[in-house]
Number of protein chains: 2
Amino acid sequence: MNLACASCPVRERAACAVLTEAERGELARAGRTVKLKRGEMLFAAGDEDHACATLLRGALKVSAVDREGEERILALIHPAGFVGELFQPFAHHDVVALTDCELCVFARREMEAALERHPALARAMLRRSQDDLHAARELLELTGKQDAATRLAGLIMAMARAASDSPCHPSQAFDLPLTRGEMAQMLGLTIETVSRRMSKFEKDGLIAKKGARGIELVDPARLEALVGVGL
Amino acid sequence: MNLACASCPVRERAACAVLTEAERGELARAGRTVKLKRGEMLFAAGDEDHACATLLRGALKVSAVDREGEERILALIHPAGFVGELFQPFAHHDVVALTDCELCVFARREMEAALERHPALARAMLRRSQDDLHAARELLELTGKQDAATRLAGLIMAMARAASDSPCHPSQAFDLPLTRGEMAQMLGLTIETVSRRMSKFEKDGLIAKKGARGIELVDPARLEALVGVGL
DNA sequence: CGATCAATTGAGCTGGTTCAATCGTTGTGG
DNA sequence: CCACAACGATTGAACCAGCTCAATTGATCG
């Protein structure tokens with residue numbers, strides 16, 4: 001399927017927004033739209049000549065799997081985010097759909113060529129890459145916390161922020177994009193610990209669980225206070 | 001002091017290597033060489049209008065300090081590496097010299113202007129940024145390991161690789177750029193745990209301690225096997 | 001030579017892991 | 001429409017790796 005930039009939901013925010021209509025159209029002809037169902041894999045670690053993509057709708061996870069088969073989630077990707085390791089001969093990480101997704105996929109060569117042709121695109125990608133770096137370091141800081149409650153509180157607040165349209169204030173009620181197991185993988189904890197702390201948060205009146213995936217922040221201030229990390 | 005690119009030790013590898021002599025000279029006039037002693041701070045979290053820099057000699061750490069004063073090391077920077085958060089109004093992290101250092105410092109505005117003027121520089125910075133992102137995610141993977149021995153083994157191997165000139169094979173014997181406390185901060189452990197595991201590694205014949213900072217990898221293969229993480 | 005700071009080592013405690021059983025939700029097929 | 005299977009989430013009990021507190025040793029430097 002060809003790309004329909006005109007109706008692209010992230011037209012304003014994705015890296016390609018810096019291109020002119022004509023340039024964007026040219027890039028679009030090199031790419032294609034892909035839909036993924038929850039759980040489907042976009043790239044796998046070890047793939048040679050893997051592609052890259054901008055996420056239009058849904059959520060992705062980037063994860064590493066070690067020799068023992070333990071999975072570790074390294075990043076969450078939200079709409080307008082970019083995945084794919086430029087300049088690398090093969091992929092180091094898996095990229096998997098957390099929810100049903102829609103993406104705009106490019107061959108890596110095409111993307112690299114476009115970076116040469118369009119300096120503004122390279123600068124936009126640099127900006128995005130720096131943001132990703134910042135996000136990775138924030139996760140690093142979060143997972144360095146000694147106790148499980150702090151880490152989990154930080155993750156919940158981060159997801160509340162991501163779930164909100166307004167970048168400033170977090171959502172009060174939303175659906176968690178991650179299972180307990182996935183939260184555990186992000187935080188370096190076990191499923192059981194995550195589950196126990198969630199129950200304790202609810203008992204203490206910090207949150208309320210709404211069905212399977214839903215969560216409501218009953219007392220965001222107290223939750224935020226737990227975190228002890230800026231932003 | 002003005003910059004002497006001609007005698008720059010990272011002339012070939014730094015981001016500015018992609019520029020022509022003339023372009024580089026122009027950029028150089030906007031920057032200055034700075035020397036730091038071990039422990040001195042280059043940028044502090046919260047600095048407005050902070051600068052950015054390429055590291056010529058020595059080693060830096062990038063770290064975050066939370067409200068409780070707990071420090072967390074987010075990255076190590078080696079020669080030819082770049083520090084400074086482009087596009088950000090203020091710094092989020094501290095940058096401190098781990099050893100005596102020499103740097104090439106630029107005002108952030110100058111650097112951002114240079115990225116506009118020189119597309120090749122923007123691409124080089126993108127590449128570097130992606131490498132930094134990859135390094136951050138590798139550290140994330142390492143600190144996700146359940147047991148202290150695995151994490152420490154991974155850090156030692158990473159430092160051995162960084163200490164080696166040849167990018168392929170790690171040094172057999174080198175000086176650790178970090179104190180026990182700093183290693184602990186990187187790995188989310190305590191000083192005592194790091195110290196104990198180091199002693200155990202020595203007792204088990206994996207490493208040998210050489211004076212205060214020195215270390216020798218007696219059995220790198222067995223150490224690597226402990227890690228359980230690729231690369 | 002003493003002072004200071006990093007590193008080591010010991011002892012006890014605790015929070016998170018591990019193992020295991022149960023419950024709840026979702027989706028499928030009869 | 002219900003039953004059942006599959007999977008995620010919860011909860012309990014016991015254990016143990018790493019944390020905390022504390023004392024000692026070792027290295028570096030004026």
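So you know, we letter chains A, B, ... as the sequences are listed, proteins then strands, and number each from 1.
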(message) Could you report the tightest heavy-atom contact between A:L223 and A:L217, atom names first, then the distance?
(response) CD2-CD2, 4.0 Å

(request) Go through the structure and list residues passing side chain to side chain contact (heavy atoms under 4.5 Å, CB included) with B:A97, not counting sequence neighbours. (result) B:L36, B:L60, B:C101

(request) Any side chain to side chain donor-acceptor pair (under 3.5 Å) involving residues 69-81 of chain A? Give me the pairs, sequence neighbours left out, ordered by first then second residue. (result) A:K61-A:E71, A:S63-A:E71

(message) Any side-chain to backbone donor/acceptor pair from B:S171 onto B:F174? Under 3.5 Å, distance only.
(response) no

(request) State, with a plain yes or no, whether a side-chain heavy atom of A:D47 is found less than 4.5 Å away from one of A:F90. (result) no

(message) Could you tell me how far apart B:L187 (CG) and D:dG18 (P) are, to the nearest whole angstrom?
(response) 12 Å

(message) What is the separation between atom CZ on B:R38 and atom P on D:dT28, rounded to the nearest whole Å?
(response) 12 Å

(message) Quick check for you: name the first and last nucleotides of DNA chain C, 5' to 3', having an atom under 4.0 Å from a heavy atom of chain B.
(response) C:dA7 to C:dT17

(message) Can you confirm whether B:K209 is buried at NZ, in the sense that more than 12 heavy atoms of other residues, nucleotides or ligands lie under 6.0 Å from that atom?
(response) yes

(request) Indicate, with a heavy-atom threshold strictly under 4.0 Å, whether B:R151 touches base, sugar-phosphate, or nothing. (result) nothing

(message) Without decimals, in angstroms, what is the distance between B:L176 CG and D:dA27 P?
(response) 15 Å

(message) Strictly below 4.0 Å, N to O, side chains only: are B:R151 and B:D147 in salt-bridge contact?
(response) no

(message) For nucleotides 8-13 of chain D, give me one character per nucleotide, 5' to 3': B if any protein heavy atom sits under 4.0 Å from the base, S if the only such contacts are to the sugar-phosphate, - if neither.
(response) -SBBBB

(request) Determine, for A:D66 against B:K145, whether the closest basic-nitrogen to carboxylate-oxygen distance falls under 4.0 angstrom. (result) yes

(message) List the residues meeting side chain to side chain donor-acceptor pair (under 3.5 Å) with B:S129, not counting sequence neighbours, and say none if there are none.
(response) A:S129

(request) Write down the distance between CD (B:E70) and C1' (D:dC19), rounded to a whole number of angstrom. (result) 12 Å

(request) Assess the side chains of A:H50 and A:E85: does a donor N or O sit below 3.5 Å from an acceptor N or O? (result) no

(message) Which helical stems does DNA chain C take part in, if a stem means at least 3 consecutive Watson-Crick or G-U pairs with both distances below 3.5 Å?
(response) C:1-30 with D:1-30

(request) Heavy atoms only: give me the nearest B:A64-B:H93 pair and the separation to one decimal. (result) CB-CD2, 3.9 Å

